[in-house]
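Some notes on the structure that comes next.
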Amino acid sequence: MPDLLLALHIPDGFLSGGIALVTAILAIAAVGWGLRVADRDLDEAKVPLLGVLAAFIFAAQMLNFPVAGGTSGHFLGATLAAVLLGPWLACLVMTVVIATQAFAFADGGITALGANVLNMGVLGALLAGVALGAAVKAFSPGRGAFLALVAVVSWLAVMVGAAATSVELALSGTVPLTSALVAMLGVHALIGIGEAVITVGAVSAVLAARPDLVALGRFEPASGTPDVAAAGGTA
Amino acid sequence: MGGLCNHSLELTGLAGNPASPVHRLDPRAKIVGLVSITIVAVSTPPRHWPVYVACATALAAVAMLGRVGVGDIWRRTRVVLPLILFVAIFVPFLRTGGAVYDLGPIKVHEAGLLVLAAVAAKATIGTLSAVLLGTTTTFPAVLHGLEAMRLPRTFVLIAAFMYRYLFVIVEEVARMRQALASRGYRPRNALQAGALGRVATALFLRSYSRGERVYLAMLSRGYRGAMPQAVPLSLGRADIVFVAVVLASLVPLRLLAELA
């Protein structure tokens with residue numbers, strides 16, 4: 001029962017005004033670009049599909065697993081979203097999820113929304129997009145190598161989010177940097193393992209069942225360049 | 001297994017008397033009013049306790065006007081407690097960590113406690129005000145208000161569809177977890193989370209085909225990329241009074257704290 005879960009939803013008042021503003025600007029920039037990609041590459045009428053996939057991410061975040069000492073972590077899904085939708089649509093979908101958690105569930109502060117979107121959505125999605133996209137372009141990995149990369153990236157995405165959270169809280173004077181970093185990265189190193197195991201399981205199963213739905217890292221060169229429109233590709 | 005302890009679906013939706021004056025306010029008025037209370041609290045430096053008290057009083061008045069019960073408020077607000085605890089853990093370290101707020105000769109240990117108290121007050125006020133928005137305003141109405149406040153339409157549409165299917169999909173994931181548990185799945189560490197990956201896949205594929213079906217069903221009913229709005233929003237006198245009273249009672253106090 002004592003689910004510590006990811007202590008990543010920063011509430012109101014934990015961030016200084018400056019940090020809240022800077023993270024909000026970065027998040028708005030990423031989401032704005034995501035909206036551009038959606039409007040450009042996605043048939044507007046297929047927006048409902050993105051909504052359903054946002055609900056999927058929200059529900060998948062309820063998958064929790066034991067971490068250590070009676071605490072548990074839960075699935076975050078930024079890497080999975082980036083693999084399935086491409087990084088920019090993943091930013092958009094993760095932002096909708098996190099904003100809904102703030103507005104409908106009071107989880108995560110409205111003034112900390114920018115930071116939460118950055119830590120739990122944008123950083124992970126872009127990291128996955130850049131790393132996996134570059135790897136696929138550079139040496140077109142086989143299925144096994146791709147899944148290994150997905151594992152590493154999804155673990156890293158959780159760590160980067162935890163590190164960003166610690167740094168933002170420390171710069172705001174809420175927690176001391178060193179001990180917060182040690183504590184957060186220690187716990188999230190384990191949570192990241194769960195994230196990696198779930199993400200790899202999910203990606204490998206989607207690759208087997210519906211490879212056409214994987215936006216990042218296609219294996220058949222015949223299907224053309226990986227493109228974000230794959231999110232709504234097969235109606 | 002605690003199960004679906006985070007974002008339990010009972011912790012969202014309207015509460016209180018849906019016919020109350022607060023429930024009937026325009027969503028824009030409630031968004032502006034309640035977010036202003038949060039911003040006033042969050043922007044107030046520690047030690048200006050009267051401002052925090054005024055914010056809390058304003059929220060209590062909103063709750064009473066809306067007849068939102070204490071039980072509902074408590075159940076939804078307590079999500080913030082573990083996070084305050086998280087900060088509390090670090091208070092002893094702030095003695096050496098230093099450089100919190102420049103308090104001069106005061107012992108840093110006290111600075112740590114001050115940080116904790118301010119953070120706890122702000123986080124509680126912020127969470128309470130979001131809870132009151134959620135208990136007095138349906139999520140579609142919040143979105144409708146945000147759209148009228150120029151939030152990009154694509155974003156609003158995605159959020160609206162997400163909320164519409166959230167309950168179905170969350171219940172689906174709950175059934176899948178139950179199925180796993182009834183077959184003896186009791187993961188003891190993160191490495192045993194693989195089965196959850198397969199749950200995620202099945203959920204994704206089902207959600208995806210549900211999305212496709214929904215989209216086709218909508219097309220066949222004449223969907224052209226925008227949802228018709230059944231009830232147009234209108235700002236009335238009550239809405240203006242609400243926002244004006246909130247701002248008039250908090251902003252002067254907040255400015256006074258700046259001078260003090």
Side-chain angles (χ1 to χ4, degrees), chain A residues 1 3-5 7 11-14 17 35 38-39 44-56 58-60 62-63 65-67 74-75 92 96 99-107 109-111 173-176 179-180 190 193-194 197-198 200-202 205-206 209-210 213 235, chain B residues 2 4-7 11-12 35 38 42-43 76 79-80 82-83 86-87 90 93-94 97 100-101 115 119 122-123 126-127 130-131 134 139 142 152 154-155 157-159 161-162 165-166 169-170 173 187-191 193-194 196-198 200-201 203-205 207 210-212 214-215 225:
Chain A
M1 158 52 207
D3 273 316
L4 202 85
L5 293 171
D12 289 303
F14 278 40
L35 281 169
D39 288 340
E44 195 188 35
K46 285 183 183 147
V47 162
L49 194 57
L50 283 188
V52 174
L53 294 179
F56 155 71
F58 190 109
M62 291 177 163
L63 297 173
F65 46 86
V67 176
H74 72 77
F75 182 60
L92 192 54
V96 170
T100 304
Q101 287 166 349
F103 275 97
F105 293 85
D107 196 9
I110 286 167
T111 57
T174 305
V175 295
S179 42
L190 296 174
I193 293 175
V197 169
I198 295 178
V200 166
V206 175
R210 289 287 299 270
L213 300 185
Chain B
L4 310 178
C5 37
N6 51 333
H7 309 131
L11 300 183
T12 186
V35 172
T38 302
V42 165
S43 68
R76 297 181 192 202
V79 293
V80 80
L83 297 155
F86 172 79
V87 174
F90 291 105
F93 297 98
L94 276 175
V100 185
Y101 296 100
V115 166
V119 153
K122 291 175 183 187
T127 311
V131 163
F139 188 67
V142 171
T154 307
F155 190 88
L157 272 178
I158 298 174
F161 284 110
M162 172 195 170
Y165 291 99
L166 190 58
I169 294 176
V170 164
V173 82
R188 279 186 305 277
N189 60 56
L191 280 173
L196 299 179
R198 288 184 285 284
T201 311
L203 192 67
F204 168 69
L205 295 175
S207 305
R210 186 187 297 279
E212 287 176 333
V214 167
Y215 167 55

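Letters go in sequence order (proteins before strands), and every chain restarts at 1.
Residues passing the ring pair (Phe, Tyr, Trp, His ring centres under 6.0 Å) test with A:Phe56, sequence neighbours excluded: B:Phe204. Evaluation of the side chain to side chain donor-acceptor pair (under 3.5 Å) rule for B:Thr38 yields B:Ser129 as partners, not counting sequence neighbours.
A:Ala106 and B:Val131 make their closest contact through CB-CG2, 3.5 Å (heavy atoms, listed as atom of the first residue, atom of the second, distance). Between B:Ile169 and A:Ala55, the shortest heavy-atom contact is CD1-CB, 3.8 Å. Taking both residues in full, the closest heavy atoms of B:Phe90 and A:Pro176 are given as CB-CD, 3.6 Å, listed atom of the first, atom of the second, then distance. Residues B:Gly194 and A:Val197 approach most closely at N-CG1, 3.2 Å, considering heavy atoms. Of all heavy-atom pairs spanning A:Ala60 and B:Leu203, the tightest one is N-CD2, 4.2 Å. Across every non-hydrogen atom of A:Gly194 and B:Ala190, the tightest pair is N-CB, 3.6 Å.
Proximity to chain A is limited to the side chain of B:Leu205, based on heavy atoms less than 4.5 angstrom apart. Within the 4.5 angstrom heavy-atom criterion, atoms from both the backbone and the side chain of A:Thr100 approach chain B. Both the backbone and the side chain of A:Val206 come within contact range of chain B, judged by heavy atoms closer than 4.5 Å. Both the backbone and the side chain of A:Ala104 come within less than 4.5 Å of a heavy atom of chain B. With a threshold of 4.5 angstrom between heavy atoms, A:Leu190 approaches chain B through N, CA, C or O but not through any side-chain atom. Contacts between B:Val80 and chain A at a heavy-atom distance below 4.5 Å involve the side chain alone, from C-beta outward. For B:Ser43, no part sits under 4.5 Å from any heavy atom of chain A, backbone or side chain.
Within the 4.5 Å cutoff, side-chain heavy atoms of A:Val52 are placed close to those of B:Tyr165. No side-chain heavy atom of B:Val79 sits less than 4.5 Å from a side-chain heavy atom of A:Phe105.
Of the listed residues B:Val214, B:Val142, B:Leu166, the one with more heavy-atom pairs under 4.5 angstrom with chain A than any other is B:Leu166. Heavy-atom pairs under 4.5 Å with chain A peak, among B:Val35, B:Thr127, B:Asn189, B:Thr12, at B:Thr12. The most heavy-atom pairs under 4.5 Å with chain B, out of A:Pro11, A:Pro66, A:Ala99, A:Gly17, come from A:Pro66.
Taking CZ of A:Phe65 as the reference point, atom CG of B:Leu191 lies at 10.5 Å (rounded to 0.5 Å). The OG1 atom of B:Thr154 lies 5.5 Å from the CG atom of A:Leu35; values are rounded to the nearest 0.5 Å. Within the model, atoms OG of B:Ser207 and CG of A:Leu49 stand 10.0 Å from one another, a figure rounded to the nearest 0.5 Å.
Heavy-atom neighbours of B:Arg210 CZ from other residues, nucleotides or ligands within 6.0 Å: above the threshold of 12.
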